[in-house]
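Within every chain, numbering begins at 1; the chains are lettered A, B, ... in the order of the sequence lines, protein sequences first and strands thereafter.
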There are 2 protein chains.
Amino acid sequence: MSRPMVIQPVAVSFSQRRFNAAAILRLAWDVPALTASDAMSETGLTRSTVIALCDDLVDSGWLAELADARTAGEAYRKGRPAKRYALRGDAGVVVGVDAGPHRITATVADLFGRELGHAVEHVPTDAIETANRVSLTDGVVDAALAAAGVSAARVLCISLGVPAPTDQNGASPEGENSFWRLMNPGFAQHFAARGWATVVENDANLAAVAEGSIGAGAGAPSYITLLSGERFGAGYVVNGQLIRGTRGGAGEMRLLNLVENVGSADGIGLLLRDWVRSAKDSGALPAGSALNNVSLNNLDAPAVFQSADAGDPFAVQLIVRMADRLARICAVLAGLLDVDRIVIAGAVAEAADLLLERTRARLAEVTHTPAPEIVASPLGSGVVSAGAVRRALSYTRDHALDLVLDDTME
Amino acid sequence: MSRPMVIQPVAVSFSQRRFNAAAILRLAWDVPALTASDAMSETGLTRSTVIALCDDLVDSGWLAELADARTAGEAYRKGRPAKRYALRGDAGVVVGVDAGPHRITATVADLFGRELGHAVEHVPTDAIETANRVSLTDGVVDAALAAAGVSAARVLCISLGVPAPTDQNGASPEGENSFWRLMNPGFAQHFAARGWATVVENDANLAAVAEGSIGAGAGAPSYITLLSGERFGAGYVVNGQLIRGTRGGAGEMRLLNLVENVGSADGIGLLLRDWVRSAKDSGALPAGSALNNVSLNNLDAPAVFQSADAGDPFAVQLIVRMADRLARICAVLAGLLDVDRIVIAGAVAEAADLLLERTRARLAEVTHTPAPEIVASPLGSGVVSAGAVRRALSYTRDHALDLVLDDTME
DNA sequence: TTGACTAAATATAGTTGCAAAATAAACTCG
DNA sequence: CGAGTTTATTTTGCAACTATATTTAGTCAA
């Protein structure tokens with residue numbers, strides 16, 4: 001039990017004033033208006049110090065001093081009216097990007113998270129492997145900035161969601177078939193070179209971030225977001241913290257082939273399409289089913305959901321089969337990490353009422369102990385974009401004083 | 001996307017001097033001797049400040065000033081010899097307790113982690129549910145203190161490992177059969193009332209802590225410790241951090257009943273005993289097997305390991321069956337959490353060479369991607385005790401300046 | 001209108017905790 | 001013994017905060 005000879009690094013050297021200023025800025029971030037008294041009770045500093053720090057933050061462009069002392073419908077208060085400070089939503093902008101395999105979306109938002117502009121680009125199916133994703137994404141980002149009417153100099157942080165595990169530098173490992181590198185061809189380096197703080201993160205993890213702040217995970221200390229499209233990906237949040245894994249591979253779900261009656265990480269979209277098409281091919285699709293009227297091109301998950309909702313027995317049968325599978329996945333994940341809520345996110349979440357209902361019923365049979373709650377994401381197909389914006393905002397919030405505001409048009 | 005009205009707490013109010021003193025104490029904790037120059041480069045403070053802080057720490061009893069400036073066999077250095085400070089191992093003691101179902105162990109150690117005293121108490125099988133575990137444990141702790149020749153006033157922190165999930169206050173939830181409450185009947189409150197900093201933690205989590213600091217997990221950023229006895233329990237460490245779950249239930253492994261060919265969280269000890277006994281009962285035990293010569297009372301996991309090592313084919317067959325089960329568990333856990341090492345801990349780890357060898361082979365077949373490394377714990381049946389001591393030490397290290405040293409016999 | 005009361009802002013005077021710089025001490029080596 | 005090197009000590013000054021007193025801006029009741 002001898003002690004090692006290594007001296008561990010300790011973060012000590014910091015400017016106290018800067019530290020306190022950052023704390024006050026974080027307070028202002030979460031509140032529509034901040035008074036000196038609020039900040040005093042939160043930080044333990046005295047009034048003189050707080051006001052001096054707030055004045056500094058006003059000078060540097062992060063805070064605005066609100067004139068309307070008591071006008072803002074607040075409960076009546078005695079005494080001299082307090083100065084009120086607020087975060088300047090227009091101090092800068094952030095960019096959130098969903099860099100999916102066949103669709104790249106960029107959203108520009110102000111510091112309140114309000115969307116200012118938006119741009120989308122589709123990647124043709126036959127170009128998924130060959131497209132130059134870096135320049136493509138660069139273009140979409142510039143288009144979104146143009147739509148927002150904001151110059152690139154005002155961008156404080158950009159966050160990108162990619163369908164690949166990412167390490168702490170935002171790089172993705174060389175996967176089995178190099179798909180991961182294809183999906184994340186050095187985004188981190190490229191956008192950092194544009195002078196922006198850059199966060200590249202797995203798409204399911206960003207979905208989890210979105211659910212936690214504005215979606216179905218809000219208020220829960222621990223939850224899992226299951227992002228389903230062509231493949232399943234999971235984002236774990238345990239006690240308010242995102243679990244990423246050594247190489248960012250937590251939630252990659254390669255293990256599903258060991259779970260009974262699951263056998264792969266294929267997502268809801270892919271499986272339902274496969275099942276219904278192979279049923280048609282093999283003649284297993286009953287003659288009376290409404291799915292016979294759907295063209296082969298549109299014979300996919302949305303069609304199945306729609307027919308099931310309309311009561312088509314064969315479609316319902318497929319949904320039930322999927323519910324069993326989903327329930328097993330949920331049981332494994334919830335049991336492993338002791339979470340009490342699982343959020344189903346992605347485009348399927350918009351039409352999956354029946355599926356979730358059946359999944360909950362199946363889950364109650366599969367688990368003994370209190371089954372986790374299964375909820376649909378309210379964010380639909382924009383969940384990764386929303387998560388990217390939230391992630392960029394939280395990065396900006398945490399590193400605000402390290403960032404330089406563009407004062408030309410603030 | 002409106003901002004919530006809640007002001008989040010921010011930890012700001014602290015004494016800068018105290019903060020810096022704590023940082024220097026942490027440096028001294030990890031190193032046999034600390035010079036002012038070391039601390040200067042690590043903290044960014046100047047020599048005058050560092051020396052003033054060190055003198056404070058010497059006055060308060062945490063550090064000792066070493067006289068032997070250059071005698072300690074260090075490489076030759078020019079100039080005036082530096083003062084050298086070191087943590088006082090005798091500034092206080094910590095207590096680590098393994099409060100298992102049928103055995104309660106207490107270990108007293110100094111701040112270097114050197115064992116000073118030890119005491120054990122067995123809980124008779126028929127008293128497991130009725131014993132007053134709090135007073136029993138209290139007695140074992142006092143016996144260990146007496147064996148160490150230390151007064152209770154010198155205890156800085158006590159950590160207890162219990163076979164139950166624990167929340168952040170050290171309490172366990174009311175489980176299915178109240179077994180958890182039985183195993184953790186308010187330890188946290190009881191020992192806090194003795195004036196000691198108290199940490200109650202799940203036993204598998206403590207095993208993980210032990211492996212991380214002095215066992216097979218040392219140096220790995222992410223690993224899982226699989227504590228196997230009657231039941232499996234897992235401790236997850238991902239990126240250096242213990243994952244506890246909302247109610248401390250991460251690692252309870254209820255999920256195993258969904259994994260193909262596993263079906264329960266029963267541990268290696270329980271299963272091997274069941275398998276070999278039911279083989280004997282049903283006549284499946286071959287006449288030539290050495291296991292026929294073992295009395296029914298001793299027909300358990302150690303006997304199977306021993307016979308298998310001696311080459312008994314039936315025992316080897318049981319080991320292979322267990323290896324398949326273990327490999328599946330490891331594959332699921334490693335796949336879900338992206339860890340690259342799994343440590344098998346507990347009493348079985350001492351004799352499980354053959355089992356692990358077979359498990360590794362099976363694991364390579366079950367997973368495609370780089371299989372996680374499977375290693376045996378070097379800590380044997382003392383792993384939970386060792387983890388409890390390490391946990392108490394790390395708590396003491398992190399909260400040193402909040403603790404009061406007993407100056408009567410320091 | 002006036003004065004009592006309240007709560008915040010402002011001004012002024014310490015206090016703490018650190019850095020910077022100059023000086024002194026302890027040691028090695030030629 | 002003195003030049004060179006490294007650390008310790010002392011002095012001085014500054015940055016950042018606290019504490020306290022005073023002023024300001026409002027409400028409310030008589």
Peer 1: Quickly work out the A/Met40 CE to C/dT10 C1' distance and round it to whole Å.
Peer 2: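 Computing the A/Met40:CE to C/dT10:C1' distance gives 13 Å.
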
Peer 1: Just to verify, what does B/Ala197 make a side-chain contact (heavy atoms from CB on, under 4.5 Å) with, not counting sequence neighbours?
Peer 2: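 Here the qualifying residues are B/Cys157, B/Tyr395, B/Leu403.
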
Peer 1: Rounded to 10°, tell me the angle between the two end axes of the helix from C/dT1-D/dA30 to C/dG30-D/dC1, each built from five pairs.
Peer 2: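 The helix from C/dT1-D/dA30 to C/dG30-D/dC1 shows an end-to-end axis angle of 0°.
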
Peer 1: List for me each residue that meets side-chain hydrogen bond (donor to acceptor under 3.5 Å, both in side chains) alongside A/Asp398, sequence neighbours excluded, and say none if there are none.
Peer 2: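 Here no residue qualifies.
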
Peer 1: Please enumerate all residues that pass side-chain hydrogen bond (donor to acceptor under 3.5 Å, both in side chains) together with B/Tyr223, with sequence neighbours excluded.
Peer 2: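 Partners of B/Tyr223 under the side-chain hydrogen bond (donor to acceptor under 3.5 Å, both in side chains) test: none.
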
Peer 1: Only counting residues at least two apart or in another chain, list the ones meeting salt bridge (charged side-chain N to carboxylate O under 4.0 Å, His left out) with B/Arg391.
Peer 2: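 Here no residue qualifies.
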
Peer 1: Assign a letter to each nucleotide of nucleotides 5-19 of chain D from its 5' end: B, base within under 4.0 Å of a protein heavy atom; S, sugar-phosphate only; -, no contact.
Peer 2: BBBBB------SSBB

Peer 1: Can you name the side-chain hydrogen bond (donor to acceptor under 3.5 Å, both in side chains) partners of B/Ser222, sequence neighbours left out?
Peer 2: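 Partners of B/Ser222 by the side-chain hydrogen bond (donor to acceptor under 3.5 Å, both in side chains) criterion, ordered by chain and then number, come out as A/Thr246.
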
Peer 1: For A/Thr396, which residues count as a side-chain hydrogen bond (donor to acceptor under 3.5 Å, both in side chains) partner, sequence neighbours excluded?
Peer 2: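 Partners of A/Thr396 by the side-chain hydrogen bond (donor to acceptor under 3.5 Å, both in side chains) criterion come out as none, since no residue qualifies.
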
Peer 1: Has the side chain of B/Asn169 got a donor or acceptor atom that lies under 3.5 Å from a matching backbone atom of B/Ala171?
Peer 2: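 Judged by distance alone, no pair lies under 3.5 Å.
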
Peer 1: So, using side-chain contact (heavy atoms from CB on, under 4.5 Å) as the criterion, who are the partners of B/Thr46 when residues are at least two apart?
Peer 2: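 If we apply the side-chain contact (heavy atoms from CB on, under 4.5 Å) test to B/Thr46, skipping adjacent residues, the hits are B/Ser48, B/Thr49.
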
